[in-house]
Every structure is written in structure tokens, then in C-alpha cells.
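Just below is one structure, and these are the notes that go with it.
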Amino acid sequence: MNIGDAARASGVSAKMIRHYESLGLVDPPARTDAGYRVYGDREVHLLRFIRHSRDLGFSLAQIQALLGLWQDRARPSREVRALAQNHLAELDAKLAELQAMRATLAELIACCHGDERPDCPILDTLAAPVTKR
């Protein structure tokens with residue numbers, strides 16, 4: 001397969017495939033005499049693994065670790081579980097942060113008249129000095 005075929009088969013754009021190759025997540029593919037990249041089922045399977053990992057929000061560094069664990073058939077599953085649990089904790093923290101942002105913004109919107117008056121609690125809050133938490 002060429003890079004376009006691999007992109008369609010894996011759901012990863014050709015641009016991202018080249019990016020993953022430059023980062024070392026994916027080994028550089030074989031090339032034809034004309035210099036075209038050649039991909040096989042193994043590479044497409046690897047790209048799908050990366051795409052699924054990205055869909056779950058794993059960072060590229062985490063994906064690198066997951067790939068290493070995936071390719072090491074002798075690895076203990078507790079290492080995979082620990083990596084996934086750490087990622088889940090990061091997601092929970094981010095969700096809590098987003099919920100706090102949402103609550104604050106909803107409160108500000110509720111206080112804003114949204115009419116012809118120039119006073120605006122949203123702008124007043126944004127212009128206020130930042131306090132350390």
C-alpha cells in the first residue's frame with residue numbers, strides 16, 4: 001500500500017503518518033525504487049493502535065509507552081493497567097477543572113443582563129486582578 005492507502009485503511013491522515021514516523025512512533029517504511037513509501041498490514045495495524053489510543057486521549061509519550069508494552073508479549077498487564085489508571089486520573093482532574101470553569105461561566109452569564117446597559121460582570125471578572133489559588 002502507498003501512504004494514501006494506509007491512511008484510508010487506518011483512519012490516520014497521511015500527514016499524521018509522516019509525523020508519527022518523524023517522532024519514531026512508527027518505523028520508517030520500506031520504499032520503492034522511485035522513493036514511494038510502502039506499507040503493509042502490520043503498519044496499518046500499528047497505526048490503528050495509535051489512532052485508538054489517541055481517541056482515548058493518550059498523549060504521544062503515553063502511546064510510546066503503550067506501544068512498547070503492546071509489542072512486549074512478556075510484559076505484566078499491571079504495567080498497562082497502571083498507565084491507564086494514571087491517564088484516567090489525569091482525565092478526572094481535567095474534567096473537574098472543566099466543571100469548575102463551566103460553573104463559573106454559567107454564574108457570570110446568569111449575572112449579565114445582556115441588554116443595552118454597559119455594565120457587564122463577565123468583562124469585570126475578566127479584567128479583575130488574578131488571585132493566586
Side-chain angles (χ1 to χ4, degrees):
M1 285 176 243
N2 64 30
I3 195 166
D5 295 332
R8 281 186 291 285
S10 66
V12 176
S13 72
K15 182 178 181 178
M16 286 308 296
I17 292 172
R18 286 191 287 277
H19 179 66
Y20 294 155
E21 290 170 5
S22 73
L23 295 174
L25 282 177
V26 179
D27 291 332
R31 292 193 179 254
T32 65
D33 292 338
Y36 293 105
R37 291 173 165 90
V38 179
Y39 299 88
D41 291 336
R42 180 189 170 285
E43 290 82 11
V44 169
H45 192 60
L46 184 68
L47 290 167
R48 284 183 184 147
F49 181 97
I50 294 169
R51 189 193 79 231
H52 289 282
S53 300
R54 292 294 288 168
D55 289 348
L56 290 174
F58 285 103
S59 69
L60 292 178
Q62 290 168 322
I63 292 171
Q64 183 77 45
L66 286 168
L67 283 170
L69 291 166
W70 179 52
Q71 293 167 341
D72 176 10
R73 296 295 177 196
R75 78 350 199 136
S77 66
R78 72 177 159 272
E79 292 180 31
V80 180
R81 182 183 170 112
L83 200 151
Q85 285 177 314
N86 287 339
H87 181 54
L88 183 60
E90 291 170 2
L91 290 174
D92 287 340
K94 186 64 174 174
L95 284 171
E97 181 183 340
L98 288 171
Q99 289 170 337
M101 286 181 203
R102 186 188 187 290
T104 300
L105 189 55
E107 182 181 315
L108 291 172
I109 289 169
C111 293
C112 183
H113 299 289
D115 56 18
E116 298 301 319
R117 290 182 265 187
D119 60 314
C120 178
I122 298 170
L123 293 176
D124 294 342
T125 300
L126 294 174
V130 177
T131 57
K132 292 185 180 182
R133 294 179 188 189

Open item on the list: For Gln64 versus Leu25, what's the shortest heavy-atom pair and its separation?
Closed with: OE1-CD2, 3.0 Å

Open item on the list: If hydrophobic clusters are built from ILVMFWY residues whose side chains come within less than 4.5 Å, do Met101 and Leu126 share one?
Closed with: no

Task: Minimum side-chain heavy-atom gap Glu90-His87 below 4.5 Å - done: yes

TODO: State, with a plain yes or no, whether a side-chain heavy atom of Gln85 is found less than 4.5 Å away from one of Arg81.
DONE: yes

Task: SG on Cys112 to CG on Asp124, rounded to 0.5 Å - done: 9.5 Å

- [ ] Give, for atom CD of Gln62 and atom OG of Ser53, the distance between the pair rounded to the nearest 0.5 Å.
- [x] 9.5 Å

Task: Tyr20 versus Leu60, closest heavy-atom pair with distance - done: CE2-CD2, 3.8 Å

For a quick test of your reading: what N or O donor-acceptor pairs under 3.5 Å do the side chains of residues 26-47 make, sequence neighbours left out?
residue : atom : partner : partner atom : Å
Arg31   : NH1  : Gly35   : O            : 2.6
Thr32   : OG1  : Ala34   : N            : 3.3
Thr32   : OG1  : Gly35   : N            : 3.4
Thr32   : OG1  : Tyr36   : N            : 3.1
Arg37   : NE   : Glu21   : OE1          : 3.0
Arg37   : NE   : Tyr39   : OH           : 3.4
Arg37   : NH2  : Glu21   : OE1          : 3.4
Tyr39   : OH   : Glu21   : OE2          : 2.4
Glu43   : OE1  : Gly40   : N            : 2.7

TODO: First locate atom CD1 of Ile3, then atom CZ of Arg8, and finally report the distance between them rounded to the nearest 0.5 Å.
DONE: 11.0 Å

Task: Leu88 reachable from Leu69 in the ILVMFWY side-chain graph, under 4.5 Å edges - done: no

Task: Heavy-atom pair with the smallest gap, counting every atom of Ser13 and Ala7 - done: C-CB, 4.0 Å

Task: Within-4.5 Å side-chain heavy-atom neighbours: Leu66 and Ile50 - done: no

Task: Min side-chain heavy-atom separation Arg102-Leu105 under 4.5 Å - done: no

Task: Spacing of NZ belonging to Lys15 relative to CZ belonging to Arg18, to within rounding of 0.5 Å - done: 9.0 Å

Open item on the list: Nearest 0.5 angstrom please: Gln99 CD to Asp92 CG, how far?
Closed with: 9.5 Å

TODO: Report the distance from atom CG of Asp5 to atom OG of Ser10, rounding to the nearest 0.5 Å.
DONE: 10.5 Å

- [ ] Measure the shortest side-chain to side-chain distance between Leu83 and Asn86 over non-hydrogen atoms and say whether it is less than 4.5 angstrom.
- [x] no

- [ ] Please name all residues satisfying side chain to side chain contact (heavy atoms under 4.5 Å, CB included) with Asp115, sequence neighbours left out, ordered by chain then number.
- [x] His113, Arg117

Open item on the list: Please give me the minimum heavy-atom distance between Leu91 and Leu56, naming the atom from each residue.
Closed with: CD1-O, 4.2 Å

